[in-house]
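Just so it is clear, the values below take in all heavy atoms, side chains as well, and ignore hydrogens, waters and symmetry mates. In this chain, residues are counted from 1 in sequence order. Whatever order the structure lists ligands and atoms in, that order sets their numbers, starting from 1.
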Amino acid sequence: MAQSSFFFCILALGFFFGASYAFDPRPLQDFCVADLNSTVRVNGLPCKDPATVTADDFFFRGFKSAGNTSNQYSSSVIPMNVARVPGLNTLGLGVARLDFLPGGYLPPHLHPRGTEILIVLEGRLEAGFVTSYPNYKHYSKILEKGDAFVIPVGLVHYFRNIADRDTVAFGVVNSQNAGISVVSNAIFGAKPAISSDYLSKAFQLDKKIVEELQSKF
Ligand SMILES: *[C@@H]1O[C@H](CO)[C@@H](O)[C@H](O)[C@H]1NC(C)=O
Ligand SMILES: *[C@@H]1O[C@H](CO)[C@@H](O)[C@H](O)[C@H]1NC(C)=O
């Protein structure tokens, strides 16, 4: 092989592997329904025998009504991800139904592995995200029925119901397992706890306030 084409191949390999590591792997077959019982550890989940795949592997009946909104957030999230629908394995897709009572909200959080499209079906929602260092720019929008908003992967974002009635939305993500990290829980609810001396400095807060926050999350 000529030296130049050799280098081209290395470059191309780097590009393709880079691309497949950055997002859910591209399917190389019609489907790879997850074998949720397998003890094999791979990025994603191994496929079960296609002969045992049924329509139920692709089916979800969880979106008929709101989840339980009797919580501090007055909201609920019903995810449809690979853990619930094994047919999503390797397809790079997930969705969740979000319900908010009047005054309901989701606390600031991020999805480590998914960009989200939020679509409002009923009510009115304020949706916002904040860019990363160094700008930390806050983008927000009031979404009415039929509106949609993009939350780029990994950015901290929030939703709150600003209607005087229930708000219903769907969040679509480009991962079978987008993940969620609620900022307050990650910082103040870490187990084992992060040093309150350290957090008191990092957040420029009295240590008592930090400890109070730590007791809440
Ligand atoms: C996984 O194991 C459980 C318990 O042994 C069994 O009921 C279930 O059918 C298994 N699921 C799959 C997808 O093989
Ligand atoms: C909803 O959640 C609350 C708080 O966890 C619980 O007390 C209540 O039983 C739940 N309601 C239903 C219908 O599951």
**Request:** Output the list of atoms in ligand 2 that are nearer than 4.0 Å to some heavy atom of S70, sorted by atom number.
**Result:** 2 (O), 3 (C), 4 (C)

**Asked** Within 4.0 Å of atom 14 (O) of ligand 2 (strictly less), any protein heavy atom?
**Response** yes

**Request:** Carefully, step by step, assess K48 and D57 under the rule salt bridge (charged side-chain N to carboxylate O under 4.0 Å, His left out).
**Result:** CA-CA 11 Å; K48 70 178 190 181; D57 287 314; 3.2 Å; yes

**Message:** Measuring centre to centre across the rings, with the benzene-like ring taken for any Trp, is F203 within less than 6.0 Å of F188?
**Reply:** yes

**Request:** Would you verify that at least one protein heavy atom lies under 4.0 Å from atom 2 (O) of ligand 2, or report that none does?
**Result:** yes

**Request:** Identify the residue among L91, L45, L93 that makes a side-chain contact (heavy atoms from CB on, under 4.5 Å) with V82.
**Result:** L45

**Request:** Begin from the C-alpha positions of Y105 and E126 and carry the test side-chain hydrogen bond (donor to acceptor under 3.5 Å, both in side chains) through to its verdict.
**Result:** CA-CA 9 Å; Y105 64 96; E126 180 187 7; over 6 Å; no

**Request:** For atom 10 (C) of ligand 2, grab the closest protein heavy atom and report residue, atom and distance to one decimal in Å.
**Result:** N68 ND2, 2.4 Å

